[in-house]
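Let me begin by presenting the structure, written as C-alpha coordinates, before commenting on it.
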Amino acid sequence: MDNLFEDLISEGRIFANKEVLRSTHVPEKLPHRNEQIKDLADILSAALKGETPSNILIYGKTGTGKTSTVKYVSNELEEMAQKRGINCSLLYLNSEVFDTQYRVFAYLARFFNKRVPMLGWPADMIYSEFKNGIDTKERSVIVTLDEVDKLAIKGEEALYNLSRINSELKNSRVSLIGISNDLTFTDLLDPRVKSSLGEEEIIFPPYNAEQLRDILYERAAKAFNDDAIDDAVIPLCAAFAASEHGDARRALDLLRVSGEIAERSGSKKVCEEHVRLASGKLEVNKVTEVVKTLPLQSKIVLSGLLVLSKESQKKQFSSGEVYNMYRKLCGHLGMDALTQRRVTDFISELDILGLVNAVIVNKGRYGRTKEVSLSVPEESVQSVLLEDYKLKAISSIKVRAQVTL
DNA sequence: CCTCCACCGGAACGTGAGGAGT
DNA sequence: ACTCCTCACGTTCCGGTGGAGG
(Lines give C-alpha, C1' and ligand atoms only; values in the text may rest on other atoms or scores of the structure.)
Protein backbone atom coordinates (compact mmCIF):
# COMPACT_ATOMS: atom_id res chain seq x y z
CA MET A 1 0.00 0.00 0.00
CA ASP A 2 1.40 3.36 -0.98
CA ASN A 3 -0.47 5.53 1.36
CA LEU A 4 -2.33 4.89 4.56
CA PHE A 5 -5.43 6.58 3.19
CA GLU A 6 -5.32 5.09 -0.27
CA ASP A 7 -7.87 2.46 0.53
CA LEU A 8 -9.97 4.68 2.66
CA ILE A 9 -10.70 7.46 0.21
CA SER A 10 -11.12 5.52 -2.97
CA GLU A 11 -14.87 5.86 -3.36
CA GLY A 12 -16.16 2.73 -1.71
CA ARG A 13 -18.03 0.14 -3.63
CA ILE A 14 -20.93 0.53 -1.32
CA PHE A 15 -21.88 4.16 -0.95
CA ALA A 16 -22.74 6.42 -3.82
CA ASN A 17 -23.68 9.37 -1.63
CA LYS A 18 -23.63 8.92 2.08
CA GLU A 19 -24.93 12.40 2.87
CA VAL A 20 -28.40 11.37 1.79
CA LEU A 21 -28.60 9.22 4.89
CA ARG A 22 -27.89 12.04 7.32
CA SER A 23 -30.89 13.27 9.22
CA THR A 24 -30.09 16.86 8.20
CA HIS A 25 -30.58 16.03 4.56
CA VAL A 26 -33.87 17.27 3.18
CA PRO A 27 -35.12 14.73 0.65
CA GLU A 28 -37.08 15.58 -2.47
CA LYS A 29 -39.76 13.14 -1.60
CA LEU A 30 -41.28 12.52 1.78
CA PRO A 31 -43.15 9.23 1.71
CA HIS A 32 -46.23 8.95 3.92
CA ARG A 33 -46.32 12.61 4.72
CA ASN A 34 -48.59 13.78 1.92
CA GLU A 35 -51.40 14.67 4.23
CA GLN A 36 -49.20 16.80 6.46
CA ILE A 37 -47.54 18.44 3.49
CA LYS A 38 -50.88 19.30 2.01
CA ASP A 39 -52.23 20.72 5.26
CA LEU A 40 -49.15 22.81 5.73
CA ALA A 41 -49.15 24.04 2.15
CA ASP A 42 -52.85 24.91 2.35
CA ILE A 43 -52.29 27.10 5.33
CA LEU A 44 -49.13 28.76 4.09
CA SER A 45 -50.50 29.43 0.63
CA ALA A 46 -52.25 32.43 2.13
CA ALA A 47 -48.89 34.17 2.01
CA LEU A 48 -48.92 33.96 -1.79
CA LYS A 49 -52.31 35.64 -1.91
CA GLY A 50 -51.21 38.51 0.20
CA GLU A 51 -52.95 37.28 3.29
CA THR A 52 -51.53 36.32 6.65
CA PRO A 53 -51.23 32.57 7.14
CA SER A 54 -52.50 31.24 10.45
CA ASN A 55 -49.99 30.32 13.07
CA ILE A 56 -49.30 26.63 13.16
CA LEU A 57 -48.24 24.21 15.83
CA ILE A 58 -46.70 20.95 14.72
CA TYR A 59 -46.51 17.98 17.05
CA GLY A 60 -44.73 14.69 16.72
CA LYS A 61 -42.03 12.57 18.27
CA THR A 62 -38.42 12.67 17.15
CA GLY A 63 -37.81 11.29 13.70
CA THR A 64 -41.36 11.67 12.42
CA GLY A 65 -40.35 14.07 9.70
CA LYS A 66 -41.52 17.35 11.22
CA THR A 67 -38.46 19.40 10.44
CA SER A 68 -37.94 17.87 7.01
CA THR A 69 -41.54 18.50 6.05
CA VAL A 70 -41.43 22.11 7.12
CA LYS A 71 -38.16 22.69 5.32
CA TYR A 72 -39.46 21.02 2.22
CA VAL A 73 -42.66 23.05 2.12
CA SER A 74 -40.71 26.20 2.93
CA ASN A 75 -38.43 25.66 -0.03
CA GLU A 76 -41.34 25.10 -2.36
CA LEU A 77 -43.10 28.17 -1.10
CA GLU A 78 -40.03 30.33 -1.41
CA GLU A 79 -39.54 29.17 -4.97
CA MET A 80 -43.11 29.94 -5.92
CA ALA A 81 -42.98 33.34 -4.25
CA GLN A 82 -39.87 34.22 -6.18
CA LYS A 83 -41.42 33.17 -9.44
CA ARG A 84 -44.37 35.39 -8.79
CA GLY A 85 -42.34 38.26 -7.47
CA ILE A 86 -43.92 38.13 -4.05
CA ASN A 87 -41.88 39.26 -1.11
CA CYS A 88 -41.90 36.35 1.25
CA SER A 89 -39.17 35.41 3.71
CA LEU A 90 -38.95 32.11 5.49
CA LEU A 91 -36.83 31.90 8.58
CA TYR A 92 -35.87 28.81 10.44
CA LEU A 93 -34.44 28.84 13.91
CA ASN A 94 -33.84 26.16 16.43
CA SER A 95 -35.03 27.22 19.85
CA GLU A 96 -32.56 25.00 21.55
CA VAL A 97 -29.90 27.43 20.42
CA PHE A 98 -32.02 30.57 20.50
CA ASP A 99 -33.63 29.91 23.81
CA THR A 100 -34.24 33.38 25.18
CA GLN A 101 -36.27 36.31 23.97
CA TYR A 102 -33.10 38.29 23.41
CA ARG A 103 -31.40 35.72 21.26
CA VAL A 104 -34.48 35.15 19.13
CA PHE A 105 -35.03 38.79 18.37
CA ALA A 106 -31.35 39.52 17.90
CA TYR A 107 -31.21 36.78 15.28
CA LEU A 108 -34.36 37.99 13.56
CA ALA A 109 -33.27 41.62 13.59
CA ARG A 110 -29.95 40.69 12.06
CA PHE A 111 -31.69 38.84 9.30
CA PHE A 112 -33.37 42.09 8.34
CA ASN A 113 -30.07 43.93 8.21
CA LYS A 114 -30.18 45.54 11.59
CA ARG A 115 -26.91 45.72 13.44
CA VAL A 116 -27.52 44.58 16.94
CA PRO A 117 -25.05 43.13 19.44
CA MET A 118 -25.56 39.59 20.65
CA LEU A 119 -25.94 40.90 24.17
CA GLY A 120 -26.10 44.10 26.12
CA TRP A 121 -29.22 45.81 24.85
CA PRO A 122 -32.51 45.83 26.72
CA ALA A 123 -34.83 43.20 25.33
CA ASP A 124 -37.54 45.61 24.22
CA MET A 125 -35.04 47.62 22.20
CA ILE A 126 -34.05 44.54 20.25
CA TYR A 127 -37.69 43.83 19.71
CA SER A 128 -38.39 47.24 18.24
CA GLU A 129 -35.29 47.05 16.05
CA PHE A 130 -36.67 43.85 14.64
CA LYS A 131 -40.02 45.49 14.04
CA ASN A 132 -38.38 48.39 12.26
CA GLY A 133 -36.30 46.07 10.15
CA ILE A 134 -39.21 43.99 9.08
CA ASP A 135 -41.69 46.76 8.45
CA THR A 136 -39.64 48.63 5.85
CA LYS A 137 -41.73 47.23 3.05
CA GLU A 138 -44.66 45.05 2.19
CA ARG A 139 -43.73 41.49 2.91
CA SER A 140 -44.74 38.19 4.40
CA VAL A 141 -42.52 36.61 6.98
CA ILE A 142 -42.87 33.06 8.20
CA VAL A 143 -40.80 32.16 11.21
CA THR A 144 -40.29 28.52 12.06
CA LEU A 145 -39.37 27.81 15.65
CA ASP A 146 -38.05 24.31 15.96
CA GLU A 147 -38.29 22.77 19.41
CA VAL A 148 -40.48 25.60 20.66
CA ASP A 149 -40.91 23.79 23.94
CA LYS A 150 -37.40 24.92 24.81
CA LEU A 151 -38.41 28.50 24.22
CA ALA A 152 -41.51 28.11 26.34
CA ILE A 153 -39.37 27.68 29.42
CA LYS A 154 -36.93 30.56 29.16
CA GLY A 155 -38.42 32.73 26.48
CA GLU A 156 -42.16 32.71 26.80
CA GLU A 157 -42.06 36.47 26.44
CA ALA A 158 -40.68 36.02 22.94
CA LEU A 159 -43.60 33.80 21.99
CA TYR A 160 -46.01 36.31 23.38
CA ASN A 161 -44.47 39.20 21.48
CA LEU A 162 -44.18 37.26 18.25
CA SER A 163 -47.75 36.07 18.38
CA ARG A 164 -49.17 39.56 18.67
CA ILE A 165 -46.64 41.43 16.58
CA ASN A 166 -48.98 41.81 13.61
CA SER A 167 -51.05 44.45 15.37
CA GLU A 168 -47.97 46.65 15.53
CA LEU A 169 -46.90 46.31 11.93
CA LYS A 170 -48.13 48.43 9.05
CA ASN A 171 -46.66 46.84 5.97
CA SER A 172 -45.61 43.35 6.79
CA ARG A 173 -47.14 40.24 8.23
CA VAL A 174 -45.61 37.61 10.47
CA SER A 175 -46.73 34.02 10.85
CA LEU A 176 -45.31 31.40 13.13
CA ILE A 177 -44.71 27.72 12.79
CA GLY A 178 -43.89 26.03 16.06
CA ILE A 179 -42.45 22.54 16.09
CA SER A 180 -42.59 20.52 19.26
CA ASN A 181 -42.12 16.92 20.25
CA ASP A 182 -43.81 17.46 23.55
CA LEU A 183 -47.57 17.26 23.21
CA THR A 184 -48.23 18.83 26.57
CA PHE A 185 -45.94 21.81 26.32
CA THR A 186 -48.73 24.30 25.67
CA ASP A 187 -49.94 23.68 29.20
CA LEU A 188 -46.99 25.75 30.37
CA LEU A 189 -48.02 28.68 28.24
CA ASP A 190 -50.06 31.73 28.92
CA PRO A 191 -53.55 30.98 27.55
CA ARG A 192 -53.37 33.97 25.21
CA VAL A 193 -50.15 32.74 23.66
CA LYS A 194 -51.51 29.26 23.54
CA SER A 195 -54.59 30.15 21.54
CA SER A 196 -52.80 32.44 19.14
CA LEU A 197 -49.90 30.08 18.53
CA GLY A 198 -52.11 27.07 17.98
CA GLU A 199 -54.58 28.48 15.47
CA GLU A 200 -53.86 25.43 13.40
CA GLU A 201 -52.37 22.17 14.57
CA ILE A 202 -50.78 19.40 12.59
CA ILE A 203 -49.93 16.07 14.12
CA PHE A 204 -47.14 13.84 12.86
CA PRO A 205 -47.76 10.24 13.91
CA PRO A 206 -44.80 7.84 14.25
CA TYR A 207 -44.01 5.70 11.24
CA ASN A 208 -44.73 2.00 11.27
CA ALA A 209 -42.30 -0.59 9.95
CA GLU A 210 -43.84 -0.56 6.50
CA GLN A 211 -43.59 3.18 6.13
CA LEU A 212 -40.05 3.21 7.42
CA ARG A 213 -39.23 0.67 4.77
CA ASP A 214 -40.52 2.96 2.05
CA ILE A 215 -38.48 5.84 3.40
CA LEU A 216 -35.36 3.73 3.51
CA TYR A 217 -35.86 2.43 -0.02
CA GLU A 218 -36.28 5.95 -1.24
CA ARG A 219 -33.05 7.13 0.32
CA ALA A 220 -31.09 3.96 -0.24
CA ALA A 221 -31.62 4.28 -3.96
CA LYS A 222 -29.56 7.46 -3.89
CA ALA A 223 -27.19 6.60 -1.10
CA PHE A 224 -25.98 3.22 -2.24
CA ASN A 225 -24.56 1.84 -5.42
CA ASP A 226 -26.62 -0.65 -7.34
CA ASP A 227 -26.68 -4.08 -5.80
CA ALA A 228 -24.75 -2.90 -2.79
CA ILE A 229 -27.35 -3.98 -0.30
CA ASP A 230 -28.87 -7.31 0.41
CA ASP A 231 -32.66 -7.61 0.14
CA ALA A 232 -33.06 -8.34 3.81
CA VAL A 233 -31.20 -5.27 4.99
CA ILE A 234 -33.80 -2.56 4.65
CA PRO A 235 -36.71 -4.50 6.14
CA LEU A 236 -34.49 -5.38 9.04
CA CYS A 237 -33.44 -1.78 9.66
CA ALA A 238 -37.07 -0.73 9.47
CA ALA A 239 -38.10 -3.42 11.90
CA PHE A 240 -35.43 -2.44 14.41
CA ALA A 241 -36.39 1.20 14.30
CA ALA A 242 -40.10 0.52 14.38
CA SER A 243 -39.75 -1.58 17.48
CA GLU A 244 -38.52 1.54 19.20
CA HIS A 245 -40.63 4.57 18.40
CA GLY A 246 -40.97 4.59 14.65
CA ASP A 247 -38.08 6.99 14.54
CA ALA A 248 -36.93 7.55 10.97
CA ARG A 249 -33.73 9.21 12.09
CA ARG A 250 -32.78 6.07 13.92
CA ALA A 251 -33.63 3.91 10.95
CA LEU A 252 -31.41 6.03 8.73
CA ASP A 253 -28.57 5.97 11.23
CA LEU A 254 -28.84 2.25 11.38
CA LEU A 255 -28.68 1.91 7.63
CA ARG A 256 -25.75 4.29 7.34
CA VAL A 257 -23.73 2.63 10.09
CA SER A 258 -24.48 -0.78 8.59
CA GLY A 259 -23.07 0.45 5.34
CA GLU A 260 -20.00 1.87 7.04
CA ILE A 261 -19.35 -1.39 8.80
CA ALA A 262 -19.75 -3.33 5.59
CA GLU A 263 -17.40 -0.99 3.78
CA ARG A 264 -14.76 -1.19 6.45
CA SER A 265 -14.88 -4.93 6.57
CA GLY A 266 -14.23 -4.97 2.84
CA SER A 267 -17.52 -6.58 2.02
CA LYS A 268 -19.07 -5.98 -1.39
CA LYS A 269 -22.57 -5.91 -0.04
CA VAL A 270 -24.34 -4.82 3.09
CA CYS A 271 -25.79 -7.89 4.75
CA GLU A 272 -28.03 -8.72 7.64
CA GLU A 273 -25.06 -9.37 9.85
CA HIS A 274 -23.83 -5.81 9.35
CA VAL A 275 -27.17 -4.45 10.48
CA ARG A 276 -27.00 -6.45 13.68
CA LEU A 277 -23.50 -5.19 14.34
CA ALA A 278 -24.63 -1.65 13.65
CA SER A 279 -27.55 -2.01 16.01
CA GLY A 280 -25.21 -3.12 18.76
CA LYS A 281 -22.84 -0.28 18.04
CA LEU A 282 -25.56 2.34 18.20
CA GLU A 283 -26.70 0.82 21.46
CA VAL A 284 -23.23 1.18 22.94
CA ASN A 285 -23.03 4.72 21.64
CA LYS A 286 -26.24 5.54 23.43
CA VAL A 287 -24.83 4.26 26.71
CA THR A 288 -21.58 6.10 26.12
CA GLU A 289 -23.42 9.31 25.44
CA VAL A 290 -25.54 9.04 28.55
CA VAL A 291 -22.61 8.20 30.81
CA LYS A 292 -20.51 11.00 29.38
CA THR A 293 -23.05 13.65 30.24
CA LEU A 294 -23.63 12.44 33.77
CA PRO A 295 -22.81 14.88 36.56
CA LEU A 296 -19.54 14.10 38.30
CA GLN A 297 -21.07 12.83 41.52
CA SER A 298 -23.31 10.51 39.61
CA LYS A 299 -20.31 9.19 37.74
CA ILE A 300 -18.59 8.45 41.02
CA VAL A 301 -21.59 6.53 42.28
CA LEU A 302 -21.60 4.53 39.07
CA SER A 303 -17.86 3.93 39.40
CA GLY A 304 -18.47 2.67 42.90
CA LEU A 305 -20.86 0.09 41.60
CA LEU A 306 -18.44 -0.80 38.83
CA VAL A 307 -15.57 -1.34 41.29
CA LEU A 308 -17.79 -3.48 43.46
CA SER A 309 -18.86 -5.74 40.66
CA LYS A 310 -15.27 -6.10 39.51
CA GLU A 311 -14.04 -6.88 42.99
CA SER A 312 -16.47 -9.61 43.85
CA GLN A 313 -18.41 -12.31 42.08
CA LYS A 314 -21.66 -10.81 43.25
CA LYS A 315 -23.68 -8.84 40.78
CA GLN A 316 -26.10 -7.13 43.14
CA PHE A 317 -25.28 -4.81 45.96
CA SER A 318 -27.23 -3.13 48.69
CA SER A 319 -27.36 0.62 48.56
CA GLY A 320 -25.33 0.62 51.78
CA GLU A 321 -22.47 -1.20 50.10
CA VAL A 322 -22.61 1.12 47.13
CA TYR A 323 -22.61 4.12 49.40
CA ASN A 324 -19.58 2.91 51.34
CA MET A 325 -17.65 2.32 48.15
CA TYR A 326 -18.73 5.72 46.94
CA ARG A 327 -17.30 7.29 50.10
CA LYS A 328 -14.04 5.44 49.62
CA LEU A 329 -13.75 6.71 46.08
CA CYS A 330 -14.50 10.24 47.18
CA GLY A 331 -11.73 9.99 49.75
CA HIS A 332 -9.40 8.79 47.05
CA LEU A 333 -10.32 11.67 44.81
CA GLY A 334 -9.98 14.17 47.60
CA MET A 335 -13.61 15.15 47.41
CA ASP A 336 -16.28 15.58 50.02
CA ALA A 337 -18.80 12.79 49.95
CA LEU A 338 -22.46 13.61 49.76
CA THR A 339 -25.02 12.21 52.15
CA GLN A 340 -26.61 8.85 51.73
CA ARG A 341 -29.91 10.52 51.09
CA ARG A 342 -28.50 12.30 48.08
CA VAL A 343 -26.83 9.17 46.80
CA THR A 344 -30.11 7.25 46.85
CA ASP A 345 -31.46 9.92 44.55
CA PHE A 346 -28.52 9.43 42.22
CA ILE A 347 -29.15 5.72 42.20
CA SER A 348 -32.77 6.32 41.31
CA GLU A 349 -31.74 8.59 38.47
CA LEU A 350 -29.32 6.02 37.15
CA ASP A 351 -32.14 3.53 37.35
CA ILE A 352 -34.40 5.74 35.27
CA LEU A 353 -31.64 6.22 32.71
CA GLY A 354 -31.43 2.45 32.44
CA LEU A 355 -27.77 2.23 33.38
CA VAL A 356 -28.53 0.52 36.61
CA ASN A 357 -31.20 -1.78 37.90
CA ALA A 358 -32.53 -1.02 41.37
CA VAL A 359 -35.15 -3.06 43.19
CA ILE A 360 -36.34 -2.63 46.75
CA VAL A 361 -35.84 -5.85 48.70
CA ASN A 362 -36.95 -6.81 52.17
CA LYS A 363 -34.59 -8.95 54.16
CA GLY A 364 -36.67 -9.10 57.29
CA ARG A 365 -34.38 -9.07 60.27
CA TYR A 366 -31.64 -7.69 58.09
CA GLY A 367 -33.47 -4.65 56.97
CA ARG A 368 -34.72 -3.30 53.72
CA THR A 369 -32.62 -2.01 50.84
CA LYS A 370 -32.42 -1.27 47.23
CA GLU A 371 -30.51 -3.99 45.48
CA VAL A 372 -28.50 -2.31 42.79
CA SER A 373 -26.91 -3.94 39.79
CA LEU A 374 -25.32 -2.71 36.61
CA SER A 375 -27.66 -3.20 33.68
CA VAL A 376 -25.15 -2.47 30.93
CA PRO A 377 -21.88 -4.24 30.12
CA GLU A 378 -19.04 -3.31 32.48
CA GLU A 379 -16.61 -2.46 29.71
CA SER A 380 -18.96 -0.06 28.01
CA VAL A 381 -19.16 2.16 31.09
CA GLN A 382 -15.65 1.74 32.37
CA SER A 383 -13.88 3.25 29.39
CA VAL A 384 -16.15 6.28 29.39
CA LEU A 385 -15.81 6.83 33.11
CA LEU A 386 -12.05 6.77 32.89
CA GLU A 387 -12.16 9.41 30.18
CA ASP A 388 -13.11 11.89 32.87
CA TYR A 389 -9.76 13.15 34.05
CA LYS A 390 -11.09 13.65 37.53
CA LEU A 391 -11.86 9.97 37.73
CA LYS A 392 -8.48 8.77 36.53
CA ALA A 393 -7.34 8.26 40.11
CA ILE A 394 -9.89 5.52 40.47
CA SER A 395 -8.02 3.25 38.12
CA SER A 396 -5.34 2.84 40.76
CA ILE A 397 -7.96 1.51 43.15
CA LYS A 398 -8.94 -1.04 40.60
CA VAL A 399 -5.37 -2.20 40.27
CA ARG A 400 -5.20 -2.70 43.99
CA ALA A 401 -8.46 -4.57 44.00
CA GLN A 402 -7.17 -6.92 41.35
CA VAL A 403 -3.99 -7.56 43.30
CA THR A 404 -5.87 -8.51 46.43
CA LEU A 405 -8.03 -10.93 44.51
C1' DC B 1 -47.45 -11.86 67.25
C1' DC B 2 -44.01 -8.54 68.08
C1' DT B 3 -39.51 -6.48 67.14
C1' DC B 4 -36.31 -4.30 64.92
C1' DC B 5 -32.99 -4.04 60.93
C1' DA B 6 -31.29 -0.91 57.31
C1' DC B 7 -32.60 1.56 54.55
C1' DC B 8 -36.50 4.35 51.55
C1' DG B 9 -38.30 8.61 50.33
C1' DG B 10 -41.20 12.86 51.60
C1' DA B 11 -40.85 17.58 53.58
C1' DA B 12 -38.71 21.57 54.97
C1' DC B 13 -34.92 24.24 54.78
C1' DG B 14 -30.21 26.47 53.33
C1' DT B 15 -27.26 28.15 49.75
C1' DG B 16 -25.30 30.11 45.66
C1' DA B 17 -25.84 31.14 40.72
C1' DG B 18 -28.11 33.47 37.25
C1' DG B 19 -32.07 36.28 35.25
C1' DA B 20 -35.40 39.83 35.37
C1' DG B 21 -36.86 44.18 36.90
C1' DT B 22 -35.94 48.88 38.19
C1' DA C 1 -25.73 48.80 40.30
C1' DC C 2 -29.10 47.22 42.93
C1' DT C 3 -32.56 44.13 44.78
C1' DC C 4 -35.74 40.40 44.10
C1' DC C 5 -36.98 35.77 42.35
C1' DT C 6 -36.42 31.42 40.85
C1' DC C 7 -34.08 27.19 40.49
C1' DA C 8 -30.94 23.45 41.05
C1' DC C 9 -28.50 21.10 44.30
C1' DG C 10 -27.74 19.41 49.04
C1' DT C 11 -28.60 18.65 53.90
C1' DT C 12 -31.22 17.48 58.05
C1' DC C 13 -34.91 15.34 60.07
C1' DC C 14 -37.97 11.78 60.36
C1' DG C 15 -41.96 8.74 59.72
C1' DG C 16 -42.52 4.43 57.25
C1' DT C 17 -41.86 -0.51 56.00
C1' DG C 18 -41.91 -6.07 55.03
C1' DG C 19 -40.49 -9.95 56.93
C1' DA C 20 -36.66 -13.10 59.56
C1' DG C 21 -36.07 -14.32 63.89
C1' DG C 22 -37.23 -14.46 68.59
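First the proteins, then the strands, lettered A, B, ... as listed; each starts at 1. Being a predicted model, the structure only gives us computed values, none of them experimental.
- Remark: P of B:dC7 and OH of A:Y326 are 16 Å apart, rounded to the nearest angstrom.
- Between A:R256 and A:D253, at least one side-chain nitrogen of the basic residue sits less than 4.0 Å from a carboxylate oxygen of the acidic one, meeting the salt-bridge criterion.
- Comment: A:E289 does not engage A:K286 in a salt bridge, judged by the lack of any side-chain N to carboxylate O separation of less than 4.0 angstrom.
- Between the P atom of C:dC9 and the CG atom of A:D345 lies a distance of 11 Å, rounded to the nearest Å.
- A:V20 approaches A:R219 most closely through the heavy-atom pair O-NH1, 2.9 Å.
- A:T64 places a side-chain N or O within donor-acceptor distance of the main-chain N or O of A:K61, the cut-off being under 3.5 Å.
- For DNA chain B, the residues of residues 353-371 of chain A within the heavy-atom distance limit of 4.0 Å (strictly under) are A:I360, A:G364, A:R365, A:Y366, A:G367, A:R368, A:T369, A:K370, sorted by number.
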Is there a side chain to side chain donor-acceptor pair (under 3.5 Å) between A:T144 and A:K71 once you walk through the steps? CA-CA 9 Å; A:T144 301; A:K71 283 190 172 169; over 6 Å; no
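- Side-chain contact check for A:E218 versus A:L30: every heavy-atom pair is 4.5 Å or farther apart.
- Following rounding to the nearest Å, A:Q340 (CD) and B:dC5 (C1') show an atom-to-atom distance of 14 Å.
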Readout for nucleotides 12-17 of chain B: B = base within 4.0 Å of protein heavy atom, S = sugar-phosphate only, - = neither; 5' to 3' it is ------
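- Of the candidates A:V233, A:L255, A:N17, A:L255 is the only one forming a side chain to side chain contact (heavy atoms under 4.5 Å, CB included) with A:F224.
- A:N324 has its CG atom 12 Å from the C1' atom of B:dA6, to the nearest Å.
- The cationic atom of A:R342 (NZ for Lys, CZ for Arg) does not lie both less than 6.0 Å from the six-membered ring centre of A:Y323 and within 45° of the ring axis.
- Per the geometry, CZ belonging to A:R342 stands 19 Å off P belonging to B:dC7, to the nearest Å.
- In terms of position on DNA chain B, the residue among A:R341 and A:E321 whose nearest nucleotide sits closer to the 5' end is A:E321.
- Residues A:S180 and A:V148 come closest through the heavy atom pair CB-CG2, 4.0 Å.
- Distance from the side chain of A:F346 is smallest for C:dG10 among the nucleotides C:dT12, C:dG10, B:dC8.
- The phosphate of B:dC8 has OP1 or OP2 within less than 4.0 Å of a side-chain N or O from A:S319.
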